[in-house]
Amino acid sequence: MDMSLSKLRELVKDREARQFCRPVDSQRVRHDLETIAPPLWPATEKATQENLFRRNSLNVLLIMCLLLKTCELKSANTSKPNILLIMADDLGIGDLGCYGNNTLRTPNIDRLAEEGVRLTQHLAAAPLCTPSRAAFLTGRHAFRSGKWHQGINCASRNDHCHHPLHHGFDYFYGMPFTLVNDCHPDRPPALDAGLRAKLWLSTQIMALGVLTVVAGKACRLISVSWRLVLSVATLVLLFFTSWYASFGFVRRWNCILMRNHEVTEQPMALERAASLVLKEAVSFLARNKHGPFLLFVSLLHVHVPLVTTERFLGKSQHGLYGDNVEEMDWLVGEILNAVETHGLKNTTFTYFTSDHGGHLEARDGHVQLGGWNGIYRGGKGMAGWEGGIRVPGIFRWPGVLPAGRVIHEPTSLMDVFPTVVQLAGGQVPQDRVIDGRSLLPLLRGDAEHSAHEFLFHYCGQYLHAARWHDKDSGRLWKVHYTTPRFHPEGAGACHSRSVCPCSGAGVTHHDPPLLFDLSEDPSEARPLSPDAGPLYHEAVARVGRAVREHRRSLRPAPEQLSFWNVVWKPWLQPCCGPFPFCACSRDADPRET
């Protein structure tokens, strides 16, 4: 029997090497066992009793083999897995087939949901920084591919203080900034208008300051030399003249690709940027197939200007946006195919999501260029309304997470950070409050409820809403303190702007706050009245106490995208070549040059 177990173990290991990512084929195992059986039981006359004994023995060996195979697969799966995070940009939760869409084709993402766990109350919050912070704590090869969106430098062009390589990643390829219409030479500019308004205001303020100094000098109220006054006025004039001249260079300055610290394309060829990002991600998988690794792919799809290759143009039922969604699904499929090709499916924890809901204000005339958020109200940039914060949440880890499971518990993109850290065997920082909670107990089925009782929803630095999951009653309450003012009147978005404002005249402050019972009214169509009785006041008071406690845990932090950094520090801009005439194309196909 020892000899047979030894042969079985060798057989299983050999089969595992050849077929690790496929289900055990019991018929093939039985056939292999038949070849092992003769040395164990010498040939004798075919008596009924011996045949019965032989058949039962084979069945026992078959069961032992299957158990051994299962145990070895489980042992391999439950060790520290590879981690693959895929994030779409501006994808509406209603755009995917696995979330109810029957007019767009998203077979690859739908298959991911069938083979894994799907969350229906997954909420956007600080999406880009949480997986990035986790890279520090994974202790493995970490690659960020696609959009970084958090800038590069602090004080000089080469200090790279905000660069991915300074935040735990070993390798980076993609855009250090965001994607805007200005990146497409045939689309109307979007970035120019906002900066032009800020610069015009700054010009007026500084011009007024210079005139005040001149008047003070003329009236002998201040004692400064005329040379100093003229020097300051000249510097101000030159500075703003250079900035206004740079409006023609927005695409050249901001729409760039980088590999690690090197600018490789400036401006980037937008029509092939997504394919380059895909190529880098697939190449990383091939180089690191022996793992463990962390791969975070932040897709450029489906953000405007919706650059779509000819293969997908005109193929969907929803115009350019639908074409872009279907191309995004193909990109996801190519990454998943690479995972399976290298035999990594069972040993890879895969996650797919979006940074927030569809961008309702993205339009070209009367044509909608943003996503569909299903039954949920609002969209991108509206931190309180569900349409802006409910996002896809799909997890797959074969053999560990149950396939086809659907979870209706409130979770957050902030949960990715502690989840990834736990998977890698690390520990989250203990010197601060961590808002995220590991999702592993919920995903595995070890926990019935989400670890979150309260979740807080911000628009920029302003808290707009908060939710309370009352686990005793099962009800989900949502309190809105501030909401954007939609326009034109009766619309469901801020169509006179590119995105709804977070403060000022463009928002409404509610006192008493709006209260919704999301367990009965997920589309937030029927706010509860303060006259409804003690239930309203109890929910508002309970959430209010949680908000006050939450605010006590906050620490101030410098704002990277402040007006000072964006407008007053042009020298921080990455540049290949003499500034401001930056230009290079180091990743170009030689056939294109």
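Worth saying up front: this structure is predicted, and the values here are computed from it rather than measured. Both backbone and side-chain heavy atoms feed into the values below; hydrogens, waters and symmetry mates do not.
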For G474 and S519 the tightest heavy-atom approach is O-CB, 4.3 Å

Taking the basic N atoms (NZ, or NE/NH1/NH2) and the acidic carboxylate oxygens, is any pair closer than 4.0 Å for E386 and R467? yes

CZ (F395) and CG (L443) are apart, to the nearest 0.5 Å, by 5.5 Å

With no hydrogens and no angle check, is any side-chain donor or acceptor of S523 less than 3.5 Å from a backbone partner on Y376?
-> no

Distance-only donor-acceptor check, side chains S438 and Q422, under 3.5 Å: yes

The ring pair (Phe, Tyr, Trp, His ring centres under 6.0 Å) partners of Y462 (sequence neighbours excluded) come to none

Got a salt bridge between K478 and E524, using NZ or NE/NH1/NH2 to carboxylate O under 4.0 Å?
yes

Worksheet item: Can you check disulfide bond (SG atoms under 2.5 Å apart) on C494 and C500, steps first, answer last?
Response: CA-CA 5 Å; C494 305; C500 287; 1.9 Å; yes

Paired with F143, the ring-ring contact (aromatic ring centres under 6.0 Å, His included) test is passed by just one of F172, F169, Y171, Y173, namely Y171

Quick one: does I335's side chain get under 4.5 Å of F352's, heavy atoms only? no

Open item on the list: Check whether F486 forms a cation-pi arrangement with R377 (NZ or CZ under 6.0 Å from the six-membered ring centre, at most 45° off the ring normal).
Closed with: no

A side-chain contact here means heavy atoms from C-beta on lying under 4.5 Å apart; do H480 and H464 qualify? no

Check: Do H457 and L455 come close enough that some side-chain heavy atom pair is under 4.5 Å?
Finding: yes

Rounding to 0.5 Å, atoms CG (L413) and NE2 (H356) come to a distance of 10.5 Å

Heavy atoms from other residues, nucleotides or ligands near NZ of K315 exceed 12 (cutoff 6.0 Å): no

Under 30°, 30 to 60°, or over 60°: which ring-plane class applies to F293 and F284, parallel, tilted or perpendicular?
-> perpendicular

- Strictly by modelled atom types, are D110 and T106 linked by a side-chain donor-acceptor pair under 3.5 Å? yes

* Asked: Can you check whether N337's main-chain N or O pairs, donor with acceptor, with T341's side chain at less than 3.5 Å?
  -> yes

Smallest heavy-atom separation, P484 atom then M382 atom, equals CG-CG, 4.1 Å

Side chain to side chain, L360 and N373, heavy atoms closer than 4.5 Å: yes

Does G333 offer a backbone N or O that forms a donor-acceptor pair with the side chain of W330 under 3.5 Å?
no

Dump the intermediate steps for side chain to side chain contact (heavy atoms under 4.5 Å, CB included) on D89 and M87, then the final yes or no. CA-CA 7 Å; D89 197 342; M87 177 177 285; over 6 Å; no

Next item on the list: Check whether the SG atoms of C183 and C255 are less than 2.5 Å apart, and answer yes or no.
Entry: yes

Nearest heavy-atom contact between G370 and Q368 is N-NE2, 3.1 Å

Check your understanding: Is there a donor-acceptor pair under 3.5 Å between the side chain of T264 and the backbone N or O of L257?
Key -> yes

Note to self: Strictly distance-based, threshold 3.5 Å: is any side-chain N or O of R363 a donor or acceptor partner for the main-chain N or O of H495?
What the structure shows: no

What one should report as the nearest heavy-atom pair of A362 and V304 is CB-CG1, 3.9 Å

Note to self: Checking the side chain of S450 only, and the main-chain atoms of E409 only, is there a donor and an acceptor separated by less than 3.5 Å?
What the structure shows: no

The side-chain contact (heavy atoms from CB on, under 4.5 Å) partner of Y321 among D90, L369, D95 is D95

key: Any donor-acceptor N or O pair under 3.5 Å, side chains D355, H149   = no

Does this structure show an ion pair linking R437 with E453, if we count only N-O contacts that are shorter than 4.0 Å? no

*asked:* Side chains of R390 and L123, heavy atoms from C-beta outward: is any pair under 4.5 Å?
replied: yes

**T120 side chain to I407 backbone, donor-acceptor under 3.5 Å** = yes

So OG1 of T348 and CG of L84: to nearest 0.5 Å the spacing works out to 7.0 Å

| query | Side-chain contact, heavy-atom cut-off 4.5 Å: L104 with S316? | reply | yes

Interatomic distance, CG@L476 vs CD@E520, rounded to 0.5 Å, equals 11.0 Å

Correct closest heavy-atom pair for M268 and A273 would be CE-CB, 4.2 Å

Check your understanding: Heavy-atom distance under 4.5 Å between the side chains of P512 and V540, does that happen here?
Key -> no

*asked:* Strictly distance-based, threshold 3.5 Å: is any side-chain N or O of S354 a donor or acceptor partner for the main-chain N or O of V391?
replied: no

_I want to check something: taking the side chain as every heavy atom from C-beta on, are Y99 and I394 in contact at a cut-off of under 4.5 Å?_
yes

Side chain to side chain contact (heavy atoms under 4.5 Å, CB included) filter on E327, not counting sequence neighbours, yields H301, T308, T309, F312, N324

In this structure, CG of D329 is separated from CG of N108 (nearest 0.5 Å) by 4.5 Å

Nearest heavy-atom approach of I434 to F417 is CD1-CE2, 4.0 Å

Value for CG (N346) from CD (E340), rounded to nearest 0.5 Å, stands at 9.5 Å

Any salt bridge between R475 and D517, counting N to O under 4.0 Å? yes

